[in-house]
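Every value quoted in this text rests on a predicted model; they were computed, and no experiment measured them. This chain uses plain numbering: 1 for the first residue, then up along the sequence.
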Amino acid sequence: MIIDRAEVIVTSPDRNFVTLKLTTEEGLSGLGDATLNGRELAVVSYLRDHVVPILVGRDGSCIEDTWQFLYRGAYWRRGPITMAAIAAVDMALWDIKGKAAGMPVYQLLGGASRRGLLAYGHASGKSQEELFDSIRAHLEKGYHAIRVQTGVPGLKAIYGIASNATNVVGQRYDHEPAQRGAYPREEDWDTRAYLRHLPGVFEAVRNEFGPELPLLHDGHHRMTPIQAAKLGKALEPYDLFWLEDCTPAENQEALRLVRQHTTIPLAIGEIFNTVWDYQQIIREQLIDYVRSAVTHTGGISHLKKVLEFAAQYQIKSGMHGPTDISPVGMAAAMHLGLAIHNFGIQEYMQHSENAHRVFQQSFTWRDGMLHPGDKPGLGVELDRDEAGKYPYQRAYLPYNRLADGTIHDW
Ligand code: CS2
Ligand code: MG
């Protein structure tokens with residue numbers, strides 16, 4: 001199965017996506033997601049300038065060997081750009097292997113461990129009324145688990161909060177994608193105001209929607225360890241499924257302090273790239289869910305290793321699935337999630353209709369659960385004509401400042 005062609009396709013149906021397409025001499029093709037939100041072209045160059053020239057002519061059936069060749073061979077290991085590029089190659093090779101075998105990728109990974117994948121969506125609102133409307137809209141769309149993000153009195157713009165009331169699934173692209181434009185948008189932040197406001201919001205949500213609905217929250221790296229501990233304690237009565245990214249977790253030790261004070265489940269890792277980023281927090285059981293995306297963690301081959309390591313400590317998966325993970329990356333997550341034993345939950349934010357036209361997919365979404373489908377490979381095809389209608393557009397994630405002008409984690 002010699003790789004004959006490797007192409008990098010950039011398309012922007014409502015947001016930018018970077019896709020690697022590998023084709024073998026036999027004419028089998030595979031797709032891999034290499035999208036790095038707001039820094040897309042860096043991965044394009046890494047692939048086009050450094051990876052494509054050494055892929056062509058290799059035996060595409062050797063997935064692990066190709067992974068090691070790209071990881072060890074580069075000498076410069078880890079990091080989001082390298083690992084997104086390797087992930088794209090890895091996904092594309094699993095896709096090809098599945099097509100060659102006539103099996104969906106989850107079968108090659110050991111077969112299904114469950115009927116489907118519980119998925120959560122993103123509800124948000126500036127006010128309680130908008131938030132409740134958004135939660136109701138998600139319930140109507142079939143979600144059985146919901147992430148709750150809220151505006152904070154006194155703050156104008158917060159990442160993850162839709163800026164208008166039409167926060168209906170599939171219709172709102174005004175939050176979370178990197179914003180198109182020449183310069184990143186500035187938002188504002190005040191941690192004390194947030195800590196005062198959030199517990200009351202969860203109390204109101206529980207009173208309105210009852211005790212059973214799994215609720216999640218993303219702290220987006222904004223708290224110090226002691227602030228995170230305080231928030232975890234304050235949220236305990238509302239029985240959250242998880243509190244995500246409570247601190248900037250590249251300081252893995254910070255989580256020890258959080259753990260000493262609260263039993264709230266912790267989820268971390270959407271900005272991690274390798275098992276090495278998880279070494280301490282998994283071994284010391286400082287988290288409950290691994291948030292990595294297949295796209296940003298070296299592909300199916302590497303994330304599977306991270307999740308198997310996590311399984312030894314009863315830590316589960318909670319794979320990243322906002323709209324900056326392309327339909328190809330989402331498909332890879334679904335195949336992996338279906339096969340592993342320690343699946344927890346899958347984030348599923350839903351792509352726009354234009355994105356669905358570019359990427360033809362075979363997954364199903366029923367009763368709050370995802371399933372990757374049974375087409376051979378990953379089950380996604382890319383329509384080149386549709387992709388060509390949407391050229392790349394410069395886009396940046398926002399940043400934020402405190403009232404005195406200090407830049408803060410967003
Ligand atoms: C968020 C993401 O989905 C999440 O949990 O944290 O929206 C994240 O900020 C973006 O993927 C960044 O690209
Ligand atoms: Mg997050």
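- Judged by distance alone, with hydrogens and angles left aside, the side-chain atoms of Asn342 form no donor-acceptor pair with the main-chain N or O of Glu308 at under 3.5 Å.
- Residues Gln149 and Arg147 form a side-chain contact, since some pair of their non-hydrogen atoms from C-beta on lies under 4.5 Å apart.
- Under the 3.5 Å distance criterion, the side-chain polar atoms of His371 are left unmatched by any main-chain donor or acceptor of Arg366.
- The two residues Asp33 and Gly329 have their closest heavy-atom pair at CB-N, 3.5 Å.
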Step by step, work out the side-chain hydrogen bond (donor to acceptor under 3.5 Å, both in side chains) result for Ser352 and Asn354. CA-CA 5 Å; Ser352 71; Asn354 290 335; 5.0 Å; no

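- Across Asp324 and His320, no two heavy atoms sit closer than the pair OD2-CE1, 4.3 Å.
- Leu139 contributes atom CG, which lies 8.5 Å from atom NE2 of His144 (distance to the nearest 0.5 angstrom).
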Could you go through Met223 and Leu195, starting from their C-alpha distance and side-chain angles, then the distance that decides it, and tell me whether this counts as side chain to side chain contact (heavy atoms under 4.5 Å, CB included)? CA-CA 9 Å; Met223 285 163 273; Leu195 293 177; 4.0 Å; yes

Side chain to side chain contact (heavy atoms under 4.5 Å, CB included), that's the test. Do Val8 and Val51 meet it? Break it down for me. CA-CA 11 Å; Val8 184; Val51 174; over 6 Å; no

Go through the steps to decide whether Leu370 and Met334 satisfy the test side chain to side chain contact (heavy atoms under 4.5 Å, CB included), and finish with yes or no. CA-CA 7 Å; Leu370 292 163; Met334 290 183 221; 4.1 Å; yes

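- Trp276 has its side chain out of reach of Arg77: every pair of non-hydrogen atoms, C-beta onward, lies at least 4.5 Å apart.
- Using a cutoff of 4.0 Å between basic side-chain nitrogens and carboxylate oxygens, Lys316 and Asp288 are not scored as salt-bridged.
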Assess whether side chain to side chain contact (heavy atoms under 4.5 Å, CB included) is satisfied between Arg39 and Leu397, documenting all intermediate values. CA-CA 9 Å; Arg39 292 291 186 271; Leu397 283 157; over 6 Å; no

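- Atom OG1 of Thr364 is separated from atom CE of Met369 by 9.5 Å, given to the nearest 0.5 angstrom.
- Between His356 and Phe363, the two ring planes are tilted [angle within 30° to 60°].
- The backbone N or O of Tyr106 sits less than 3.5 Å from a side-chain atom of His335, completing a donor-acceptor pair.
- The aromatic ring centres of Phe17 and His351 sit less than 6.0 Å apart.
- For His302, the ring pair (Phe, Tyr, Trp, His ring centres under 6.0 Å) partners two or more places apart in sequence, or in a different chain, are Trp67.
- A donor-acceptor distance shorter than 3.5 angstrom exists from the side chain of Asp188 to the backbone of Lys156, with no hydrogens or angles considered.
- Atom CZ of Arg256 sits about 5.0 Å away from atom CD of Gln280, to the nearest 0.5 Å.
- Although no hydrogens or angles enter the test, the distance criterion places no donor-acceptor pair under 3.5 Å between the side chain of Ser124 and the main chain of Thr150.
- At least one test fails for Arg114 against the ring of Phe343: distance under 6.0 Å to the centre or angle within 45° of the axis.
- Of all heavy-atom pairs spanning Pro184 and Tyr399, the tightest one is O-CE2, 3.7 Å.
- Annotation: side chain of Gln346 is not in contact with side chain of Leu118 (no heavy-atom distance under 4.5 Å).
- Distance CG/Leu303 to CG/Asn273: 11.5 Å, rounded to 0.5 Å.
- Judged purely by atom type and a 3.5 angstrom limit, Asp95 uses its side chain to pair as donor or acceptor with the backbone of Leu378.
- Residue Glu236 holds its CD atom at 10.5 Å from CG of Leu231, rounded to the nearest 0.5 Å.
- Here the two rings, on Phe272 and Tyr278, have centers that are under 6.0 Å apart.
- Ring geometry for Trp189 against Tyr194 counts as tilted: the plane angle lies between 30° and 60°, on a 0 to 90° scale.
- A donor-acceptor contact shorter than 3.5 Å links the side chain of Thr35 to the backbone of Val18.
- Of the possible donor and acceptor atoms, one in the side chain of His217 sits under 3.5 Å from a partner among the backbone N and O of Val148.
- Judged purely by distance below 3.5 Å, without hydrogens or angles, the side chains of Ser29 and Thr23 never pair a donor atom with an acceptor atom.
- Looking at Glu7, its side chain never comes within 3.5 Å of a backbone N or O of Leu20 through a donor-acceptor pair.
- If you check the side chains of Glu64 and Ser301, you find no donor sitting under 3.5 Å from an acceptor.
- Counting heavy atoms from C-beta on, the side chains of Ile268 and Leu255 come closer than 4.5 Å.
- The residues Arg185 and Glu187 are annotated as salt-bridged, a charged nitrogen and a carboxylate oxygen being separated by less than 4.0 angstrom.
- At a threshold of 4.5 Å between non-hydrogen side-chain atoms, the residues Ser362 and Lys375 count as touching.
- Checked by atom type, the side-chain pair Asn37/Arg15 shows a donor-acceptor distance below 3.5 Å.
- By the 4.5 Å heavy-atom criterion applied to side chains, Val294 and Met91 are counted as neighbours.
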Could you please spell out the steps behind the ring pair (Phe, Tyr, Trp, His ring centres under 6.0 Å) verdict for Tyr143 and Trp365? CA-CA 9 Å; Tyr143 282 101; Trp365 164 241; 4.8 Å; yes

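- For His122 and Glu347, the side-chain atoms include at least one donor-acceptor pair closer than 3.5 Å.
- Contact record, Arg222 with Asp409: CG-O, 3.4 Å, taken as the closest heavy-atom pair.
- Gly60 and Leu93 get closest at one heavy-atom pair: O-CD2, 3.5 Å.
- Between Val152 and His197, the shortest heavy-atom distance links the atoms CA-CD2, 4.1 Å.
- Checking side-chain atoms of Gln107 against main-chain N and O of Met103 turns up no donor-acceptor pair under 3.5 Å.
- Interatomic distance, OG1 of Thr297 versus CD1 of Ile271, reported as 11.0 Å (0.5 Å rounding).
- The ring of Tyr120 has its center closer than 6.0 angstrom to the ring center of Trp242.
- Considering only heavy atoms from C-beta on, His408 stays 4.5 Å or farther from Arg401 through its side chain.
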Salt bridge (charged side-chain N to carboxylate O under 4.0 Å, His left out), that's the test. Do Glu381 and Lys99 meet it? Break it down for me. CA-CA 12 Å; Glu381 295 302 327; Lys99 288 179 183 169; 3.1 Å; yes

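- Residues Thr24 and Asp4 have side chains that never bring a donor and an acceptor to within less than 3.5 angstrom of each other.
- Residues Leu198 and Leu235 meet the side-chain proximity criterion, which asks for heavy atoms closer than 4.5 Å.
- Few gaps surround CZ on Arg206; more than 12 heavy atoms of other groups in view lie less than 6.0 Å from it.
- With a 6.0 Å radius and a threshold of 12 heavy atoms from other residues, nucleotides or ligands, Arg58 has its CZ atom above the threshold.
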